[in-house]
Amino acid sequence: MEQRVGGCQCGAVRYKITGNLGSPGICHCRMCQKAFGSWGAALVDVPLTEFTWSRGEAAIFISSAIVKRGFCRDCGTPLFMQEKGDANIEIAIGTLDHPNAIGHLQGQDGVESRVNWFHEMTHLPERKTAETRTAADLKKLQSLQHPDFDTDEWPLSKI
């Protein structure tokens, strides 16, 4: 079985997934929009039996009578949502070290709350970061976030 790993932006919270992932999809509901500060959330189902925290643990916010959401208390990264009594946890796809490995999205939920500009995003002009920044700016933009692989220690002494 393939093992997948991921975590928050700062590295205080890391997790491991063994086995297969469930259906990846996106949710447009208002709670996901607020929780992610965005158009919604890209999530993938993971059986709780295949999920473990490998460093730290998520803080919890109860966003409704049936949904809890996990996030890093240090950097604020949204990590998951879980419905009460569900045997699965829905992991934020962007927190996986290799988010492209999930394959293709298989559905959309909460479409009644979809922002009206969502479908326009694929038609917007595209640029790479280096096209809009000077070399000096790019040096300042060096990421201070945790790398996309497990580390033996946190915080890292060097990046």
Side-chain angles (χ1 to χ4, degrees), residues 4-17 19-133 137 141-149 154:
R4 293 172 178 87
V5 295
C8 68
Q9 189 172 20
C10 75
V13 180
R14 298 284 296 163
Y15 60 81
K16 291 182 182 181
I17 300 168
N20 296 321
L21 298 175
S23 299
I26 55 178
C27 183
H28 296 277
C29 82
R30 235 0 233 142
M31 281 190 282
C32 281
Q33 289 173 358
K34 289 275 203 167
F36 284 76
S38 188
W39 53 263
L43 302 162
V44 63
D45 293 332
V46 176
L48 285 171
T49 57
E50 307 288 332
F51 180 86
T52 56
W53 298 110
S54 56
R55 180 185 298 137
E57 200 167 296
I60 302 295
F61 173 69
I62 306 297
S63 63
S64 76
I66 62 167
V67 174
K68 68 179 178 181
R69 295 174 184 274
F71 62 95
C72 175
R73 68 178 40 85
D74 292 345
C75 67
T77 300
L79 295 163
F80 75 87
M81 68 160 284
Q82 184 185 20
E83 290 193 25
K84 194 174 196 175
D86 195 343
N88 295 310
I89 187 171
E90 294 183 54
I91 295 296
I93 292 171
T95 66
L96 287 161
D97 287 353
H98 302 287
N100 286 325
I102 60 116
H104 296 286
L105 298 177
Q106 296 179 12
Q108 298 181 64
D109 294 312
V111 295
E112 68 280 358
S113 298
R114 183 172 39 221
V115 293
N116 61 4
W117 45 262
F118 179 79
H119 292 298
E120 299 169 16
M121 288 192 293
T122 59
H123 303 293
L124 293 173
E126 297 180 351
R127 316 179 275 261
K128 293 184 178 181
T129 306
E131 294 177 275
T132 62
R133 302 289 188 151
D137 283 345
L141 287 174
Q142 180 183 5
S143 177
L144 300 177
Q145 72 185 19
H146 191 276
D148 284 337
F149 54 85
W154 181 89

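- Arg69 and Gln82 share no side-chain donor-acceptor pair at under 3.5 Å.
- Screening Ile91, Thr95, Val44 against Phe80 for a side-chain contact (heavy atoms from CB on, under 4.5 Å) leaves a single residue, Ile91.
- The line from CD1 of Ile102 to NE2 of His104 is 9.0 Å long, rounded to the nearest 0.5 Å.
- Although no hydrogens or angles enter the test, the distance criterion places a donor-acceptor pair under 3.5 Å between the side chain of Arg4 and the main chain of Gly19.
- By the 30° and 60° cut-offs, the orientation of the rings of Phe118 relative to His28 is perpendicular.
- Put simply, CG on Asp45 and OG on Ser23 are 6.0 Å apart, with the number rounded to the nearest 0.5 Å.
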Run the side chain to side chain contact (heavy atoms under 4.5 Å, CB included) test on Met121 and Trp39 for me, step by step, so that the C-alpha distance in whole Å, both residues' side-chain angles and the decisive distance to 0.1 Å come before the verdict. CA-CA 11 Å; Met121 288 192 293; Trp39 53 263; 4.0 Å; yes
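- Counting only heavy atoms from C-beta outward, the side chains of Leu105 and Ile26 approach each other to under 4.5 Å.
- Side-chain N or O atoms of Glu131 include one that pairs as donor or acceptor with a backbone N or O of Lys128 at under 3.5 Å.
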Could you go through Leu96 and Ile17, starting from their C-alpha distance and side-chain angles, then the distance that decides it, and tell me whether this counts as side chain to side chain contact (heavy atoms under 4.5 Å, CB included)? CA-CA 10 Å; Leu96 287 161; Ile17 300 168; 4.1 Å; yes
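- Shortest non-hydrogen contact noted between Val13 and Ala58 is CG1-N, 4.1 Å.
- No donor-acceptor pair under 3.5 Å is formed between the side chain of Gln33 and the backbone N or O of Cys27.
- Gln9 places no side-chain N or O within donor-acceptor distance of the main-chain N or O of His146, the cut-off being under 3.5 Å.
- Between Val5 and Ser54 there is no side-chain heavy-atom pair separated by less than 4.5 Å.
- When all heavy atoms of Ala35 and Pro78 are compared, the closest pair comes out as O-CG, 3.6 Å.
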Tell me, with the steps shown, if Phe36 and Thr77 meet side chain to side chain contact (heavy atoms under 4.5 Å, CB included). CA-CA 8 Å; Phe36 284 76; Thr77 300; over 6 Å; no
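- Nearest approach of Thr122 to His119, heavy atoms of both residues: OG1-O, 3.7 Å.
- Residues passing the side-chain contact (heavy atoms from CB on, under 4.5 Å) test with Phe61 are Ser63, Phe71, sequence neighbours excluded.
- Other residues, nucleotides and ligands contribute more than 12 heavy atoms inside 6.0 Å of the CZ atom of Arg55.
- Partners of Asp97 under the salt bridge (charged side-chain N to carboxylate O under 4.0 Å, His left out) rule, at least two apart in sequence or in another chain, are Arg14.
- With values rounded to the nearest 0.5 angstrom, Asp137 atom CG is found 8.5 Å from Thr132 atom OG1.
- Of the candidates Asn20, Asn88, Leu21, Leu21 is the only one forming a side-chain contact (heavy atoms from CB on, under 4.5 Å) with Val46.
- Shortest non-hydrogen contact noted between Leu43 and Met81 is CD1-SD, 3.8 Å.
- Residues Leu79 and Gly7 come closest through the heavy atom pair CD2-C, 3.9 Å.
- To the nearest 0.5 angstrom, Arg133 atom CZ is 10.5 Å from Arg127 atom CZ.
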Go through the steps to decide whether Arg114 and Gln108 satisfy the test side chain to side chain contact (heavy atoms under 4.5 Å, CB included), and finish with yes or no. CA-CA 10 Å; Arg114 183 172 39 221; Gln108 298 181 64; 3.3 Å; yes
